[in-house]
Amino acid sequence: MPFDHNDHYHRLLLRQTPPNCRTALDVGCGTGRFAWRLAGLGVEVDAIDPSEKVVAEARAMAAGLTPGERAPRFRCADVTEIQLPKGHYDFISCLASLHHMPFGTVAALRDALAPGGVLVILGCYPEHTRLDWAWSLAAVPVNAGVRLAVFVRDRVGSAATGRNPAQAPVAQPTMPLLQIRREAAALLPGCRIRRLLFWRYLLVFRKAADRTQGGSR
């Protein structure tokens, strides 16, 4: 019974976009659902993912564009192997993909933010502490209920299209939330991190508007 925990948080992430957001980068975009939602706000979106299969599916969604509708620029690339433009993006998102790469990659994402830009990370972490397990146990019944609610809809949609969507590569997170907080404090000073249900955390970093690093506005 499929239920995408990342999609569940799209609206929360979209609320973090800064005023007058014009440019965005979606890192580890997968099949592009969040990138398309950003583009729907009139934002110029670059979206990258190292999987050719999911990028191809993301690009295929452009077939349904209406005249004047803006499409993200999808690119098959590994963010750890490319040079991002410095100080360019008003908004950078990273949905359940940071644990596929070294955590220090956030420094390159930070530097790619324009003054006043926002980096949001919807991250995953393993259960290591009693508090971790308490949140995990609380999520189990809610997760089961939501899966039941979407089961019929998803089955009908799959039958109607006659196809199964591509799946992005999966990796288990290894960095505990306590360590994530420590490393984020050093690399993204002033960032905010909070736990979310469904085995996720939200990190929000706002780059200072005066072209200096760190701090929240």
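As the structure is a prediction and not an experimental result, all values here were calculated from the model.
Checked by atom type and distance alone, the side chain of Ser97 never pairs as donor or acceptor with a backbone atom of Cys94 at under 3.5 Å. Of the possible donor and acceptor atoms, one in the side chain of Asp90 sits under 3.5 Å from a partner among the backbone N and O of Arg22. Panel note: side chain Lys207, backbone Leu113; a donor-acceptor pair is recorded below 3.5 Å. When atom types are taken as modelled, the side chain of Gln16 and the backbone of Leu12 share a donor-acceptor pair closer than 3.5 angstrom. Without hydrogens or angle criteria, Trp36 side chain to Met61 main chain gives no donor-acceptor distance under 3.5 Å.
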Let me have the donor-acceptor pairs involving side chains of residues 37-44, under 3.5 Å, with sequence neighbours excluded, atom names and distances please.
unit_1	atom_1	unit_2	atom_2	d
Glu44	OE2	Arg73	NH1	3.3
Glu44	OE2	Arg73	NH2	2.9

Under 3.5 Å, side-chain donor or acceptor atoms of residues 174-181 against the rest of the protein: list the pairs with distances, not counting sequence neighbours.
unit_1	atom_1	unit_2	atom_2	d
Gln179	NE2	Glu183	OE2	3.0
Arg181	NH1	Ile193	O	3.3

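Residues Leu187 and Phe103 form a side-chain contact, since some pair of their non-hydrogen atoms from C-beta on lies under 4.5 Å apart. Contact annotation: the side chain of Val27 approaches that of Met101 to within less than 4.5 Å [non-hydrogen atoms, C-beta and beyond]. Taking 4.5 Å as the limit, some side-chain heavy atom of Tyr9 sits within range of a side-chain heavy atom of Leu196.
A donor and an acceptor atom, one from each side chain of Arg195 and Tyr125, are located under 3.5 Å apart.
By the side chain to side chain donor-acceptor pair (under 3.5 Å) test, His10 is found to be paired with Asp7, residues two or more places apart in sequence or in another chain being considered.
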